[in-house]
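This report concerns only the one structure given below.
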Amino acid sequence: MLSQDDKFLKPYDPAATEGRIYKAWEDSGYFNPDNLPNADSREPYTITLPPPNVTGVLHLGHAYEDSLQDTVIRYQRMRGKRALWVPGTDSAAIATQARVEKNIQKEEGKSRHDIGREELVKRVTQFARESETTILNQVRRMGASLDWSRYAFTLDDARNKAVFTAFKRMYDAGLIYRGNRIVNWDPKGQTTISDDEIVHEERTAKLYTFKYSKDFPIAIATTRLETKVGDVAVAVHPDDARYTKFVGKTYEAVFCDVPISIRIVADKEVDPEFGTGALGVTPAHSMVDWDMAERHSLPKDKAVINEYAKMTVEGRLSGLKVLEAREAVAEWLRSEGLMEKEEDISQNVSTAERTGGIVEPLPKLQWFVAVNKPFVIPHSEITGIETGSEITLKQLMRASVENGDIVMPQDNFKKIYMHWIDNLHDWCISRQIWFGHRIPIWYRESDIRCQETAPEGDGWSQDPDVLDTWFSSALWTFSTLGWPDESKDLERFHPTSFMSPAYEILPLWVSRMILMSGFHLGQVPFKTVMIHGLVRDSKGRKFSKSIGNGIDPIEMIDKFGADALRMGLLVGTAIGNDVKFDESKIKGYKNFANKLWNITRFILENTEDADLTAELISNDTTIREELDAIIADVTKDMDEYRIYLAAEKIYHYIWDRLASELLEESKQIFASEDSTAIASRKTLLRSLLKDSLKILHPIMPFVTEEIWQSLSETEGLLMITEWP
RNA sequence: GGGCGAUUAGCUCAGUUGGUAGAGCGCUUCAUUUACACUGAAGAUGUCGGGGGUUCGAGCCCUCCAUCGCCCACCA
């Protein structure tokens with residue numbers, strides 16, 4: 001019966017197929033675009049994999065992201081492109097170090113200070129390497145056609161060189177500076193954290209209304225009484241008639257044992273409706289107050305709280321924790337008769353995402369990237385920005401998208417991006433942790449040098465901080481292609497073609513890649529960015545360890561096959577929206593893989609002896625043209641990254657049209673005596689099958705490749721076969 | 001407070017530039033070894049959140065309202 005393969009007598013078995021097929025692809029060398037037939041005449045098409053964090057194992061969100069990108073890169077490869085998909089992993093400094101520190105604390109009861117910098121970095125690196133292996137195997141199981149020969153890790157030698165070079169060039173251009181600024185300090189983790197790592201929690205708090213002293217003319221309202229010993233001014237709105245007569249005056253007082261000197265200033269940021277319409281200005285412990293102090297040339301160095309969230313002032317508050325101090329101040333105000341009102345309000349408290357500690361704004365010496373400082377761009381290929389013109393990083397980021405060099409087909413994300421750019425402040429890039437790229441700055445007394453290794457001579461010490469992990473991630477599209485060397489890869493594959501990150505990291509990562517690529521290369525990092533949504537559980541919750549609702553993609557692959565998982569994640573979800581994960585949907589596409597398997601069986605059984613050059617009769621020609629129309633439609637969807645629509649169309653064609661109608665109809669024809677019709681139908685079915693396999697391959701690569709290999713008339717891998 | 005979305009079948013969601021409402025799952029009835037039971041056939045289910053507007057024509061465009069969600073933001 002079946003001359004070629006008895007395997008079609010049994011249901012399709014992904015487990016017996018996928019490993020073997022992946023190996024065949026890998027062995028072929030075609031994941032590396034330089035090995036593709038006629039590589040040099042192909043137009044490059046590049047995707048950089050958003051590098052997963054080496055903090056553990058992959059989740060379904062990664063599986064979704066991998067499916068999306070692999071589908072695109074396979075499609076482009078079949079379209080004859082020099083298709084490169086660059087793999088890599090991210091050290092995720094804070095997250096990884098926190099993870100390992102937690103383990104050490106749990107297993108050995110030691111803190112990082114107990115084991116020391118060198119040992120901790122060693123252990124974190126070891127953890128990262130193990131986690132990396134797990135992750136890469138998971139990515140392989142998904143069928144991802146990544147060019148493993150170009151694999152990159154954010155902390156490997158080549159990337160270290162890129163990070164140093166990037167830092168140095170920006171430092172020399174005056175765009176990286178050290179400044180004493182209010183940062184988000186996490187007293188629990190003993191590190192600064194970026195705005196993006198803050199979680200706001202709604203809590204009720206007491207709003208106290210009081211006066212500094214009996215003869216102070218204005219009452220002010222605050223929730224943070226303990227910081228008031230650090231006040232240097234009271235700000236009121238310039239148009240507030242109640243207070244204009246006081247503006248410009250200075251009052252002395254002793255507040256809770258601490259001598260203070262308060263100037264009354266007028267500032268339009270003050271909301272006259274809130275509280276008493278007067279705001280106590282505490283420059284050292286509030287970002288807005290810091291800015292205000294700058295505007296009015298007020299002293300900014302009056303710190304009253306330290307890194308451990310304890311009071312540093314003399315007197316009754318000395319050494320108290322902030323919450324204790326708050327109560328002590330309230331007590332004092334009541335006893336002095338200065339408290340006018342105490343009321344409950346709801347307020348958002350900033351907490352650190354990683355540690356849960358309450359964020360304390362503190363002035364600290366940190367490294368920053370200046371986004372509003374003009375510089376002369378040495379080279380630019382970006383529309384609207386001339387080489388040698390003076391611009392700011394913010395303008396560069398805006399122009400890259402506004403002028404169309406980067407296409408963001410989703411208008412809503414474009415709006416979010418623009419809005420974010422408009423509100424952008426200087427980017428704090430230093431972190432007080434140990435795992436990561438150490439800041440390449442050396443100090444000796446008042447001397448500062450920016451270099452990778454210690455300068456000549458004694459007495460140099462390196463800045464203890466490491467860089468924000470997004471600093472190295474921001475270089476990713478070009479650091480993975482050999483930059484800062486002028487490599488062939490860089491010239492050929494950059495700007496990359498397509499990027500598809502989750503909307504969560506639009507500001508964190510996407511915008512910063514645009515910044516870095518613009519500054520260092522005068523290019524955009526990618527031409528099209530398609531933001532995707534999150535995979536959630538069936539109740540719409542995010543997957544998280546604390547809920548325990550995580551699903552390992554490998555478990556799904558074992559159960560239903562990688563093809564089914566890919567298809568199930570992609571079909572019917574408009575890119576950008578969240579996906580509610582539904583196991584029964586995945587199961588449905590396992591059945592689909594088997595359906596295709598049985599279609600093949602039927603066709604092989606009936607066309608074994610066929611002369612595949614037989615002329616099509618007119619009815620069959622019509623059927624053939626019908627598929628051509630669908631292919632054209634699918635091609636358009638794929639070109640415009642509407643994979644979810646393409647997938648659905650292919651599914652329906654194969655199941656409802658090819659299997660349910662055409663195969664049934666063919667049974668009648670094969671049972672007839674009409675040899676012309678039979679010959680024509682045999683040729684038709686083989687041709688429909690082959691093209692169906694081709695258009696399904698980017699989405700369901702394993703089963704289609706396996707069937708392709710069983711067809712006598714096909715040669716080579718379906719993976720590099722030309723798209724119909 | 002600022003910004004961005006969502007609301008379509010019982011559930012989860014598609015619906016591209018405005019042109020007779022779609023899929024999967026579930027449900028009902030039938031078929032019983034057929035290429036495939038990981039199956040086939042047939043079927044039911046909708047005031048497209050609500051009001052108003054533009055249009056020959058609106059799920060889609062405009063406007064108001066309701067409900068839900070997300071992101072950003074230390075009204076102290």
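Heavy atoms only: backbone and side chains are in, while hydrogens, waters and symmetry mates are out. In what follows, chains are A, B, ... by sequence order, proteins preceding strands, each numbered from 1.
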Q: Check the angle between the aromatic planes of A:Phe8 and A:Trp597 and answer parallel, tilted or perpendicular using the 30° and 60° thresholds.
A: tilted

Q. Would you call the rings of A:Phe216 and A:Tyr251 parallel, tilted or perpendicular if under 30° counts as parallel and over 60° as perpendicular?
A. perpendicular

Report the distance from atom [atom1] of [X] to atom [atom2] of [N], rounded to the nearest whole Å.
X	N	atom1	atom2	answer
A:Glu664	B:C36	CD	C1'	10 Å
A:Ile575	B:U16	CD1	P	15 Å
A:Trp290	B:A73	CH2	P	20 Å
A:Phe670	B:A35	CZ	C1'	12 Å
A:Ile531	B:C70	CD1	C1'	15 Å
A:Asp537	B:U12	CG	C1'	13 Å

Q: Residues of residues 591-599 of chain A with any non-hydrogen atom less than 4.0 angstrom from an atom of RNA chain B: list those, numerically ordered, please.
A: A:Asn591, A:Asn594, A:Lys595, A:Asn598, A:Ile599

Q: Ignoring backbone atoms, test whether A:Arg642 places a side-chain nitrogen or oxygen under 4.0 Å from the OP1 or OP2 oxygen of B:U16.
A: no

If you restrict it to nitrogen or oxygen atoms, what contacts under 3.5 Å exist between nucleotides 20-23 of chain B and the protein, and what is each distance?
residue : atom : partner  : partner atom : Å
B:A23   : O3'  : A:His652 : NE2          : 3.3

For [X] and [Y], which I'm curious about, is there any donor-acceptor pair between the side chains at under 3.5 Å?
X	Y	result
A:Ser672	A:Arg681	no
A:Tyr75	A:Asp639	yes
A:Asp231	A:Tyr212	yes
A:His237	A:Asp271	no
A:Thr223	A:Lys206	no
A:Tyr503	A:Asp578	yes

Given the [atom1] atoms of [N] and [M], what is the spacing between them in whole Å?
N	M	atom1	answer
B:G2	B:C65	P	14 Å
B:G10	B:C27	P	15 Å
B:G46	B:A41	C1'	25 Å
B:G18	B:G57	C1'	8 Å

Strictly by Watson-Crick or wobble contacts shorter than 3.5 Å, is anything paired with [N], and which nucleotide is it?
N	value
B:A23	B:U12
B:A35	none
B:G1	B:C72
B:U7	B:A66

**Q.** Check: A:Phe255 ring centre within less than 6.0 Å of A:Phe210 ring centre
**A.** yes

Describe the nucleic acid contact of [X] in one word from base, sugar-phosphate, nothing, applying a heavy-atom distance below 4.0 Å.
X	answer
A:Thr282	nothing
A:Lys667	base
A:Thr222	sugar-phosphate
A:Lys414	nothing
A:Glu504	nothing
A:Ala235	nothing
A:Leu645	base
A:Trp655	sugar-phosphate

Q) Can you find a pair of side-chain heavy atoms, one from A:Leu596 and one from A:Leu693, that are under 4.5 Å apart? A) yes

Q. Going by an N to O cut-off under 4.0 Å, is there a salt bridge joining A:Asp422 and A:Arg398?
A. yes

Q: For residues 559-590 of chain A, pull every pair meeting ring pair (Phe, Tyr, Trp, His ring centres under 6.0 Å), keeping only residues two or more places apart or in separate chains.
A: A:Tyr589-A:Tyr651

Q.
If the condition is side-chain hydrogen bond (donor to acceptor under 3.5 Å, both in side chains), which residues does A:Glu342 pass it with, not counting sequence neighbours?
A. A:Arg334

Q: Please list, chain by chain and in numerical order, all residues satisfying salt bridge (Lys or Arg N to Asp or Glu O under 4.0 Å) with A:Asp289, sequence neighbours excluded.
A: none

If you check every side-chain atom of [X], which of [options] has the closest atom?
X	options	value
A:Ser660	B:G2, B:A41, B:A76	B:A41
A:Arg601	B:A76, B:G3, B:A35	B:A35
A:Lys580	B:U12, B:C74, B:U16	B:U12

Provide a list of protein-nucleic acid N or O atom pairs under 3.5 angstrom, restricted to nucleotides 4-8 of chain B.
residue : atom : partner  : partner atom : Å
B:G5    : OP1  : A:Lys415 : NZ           : 3.1

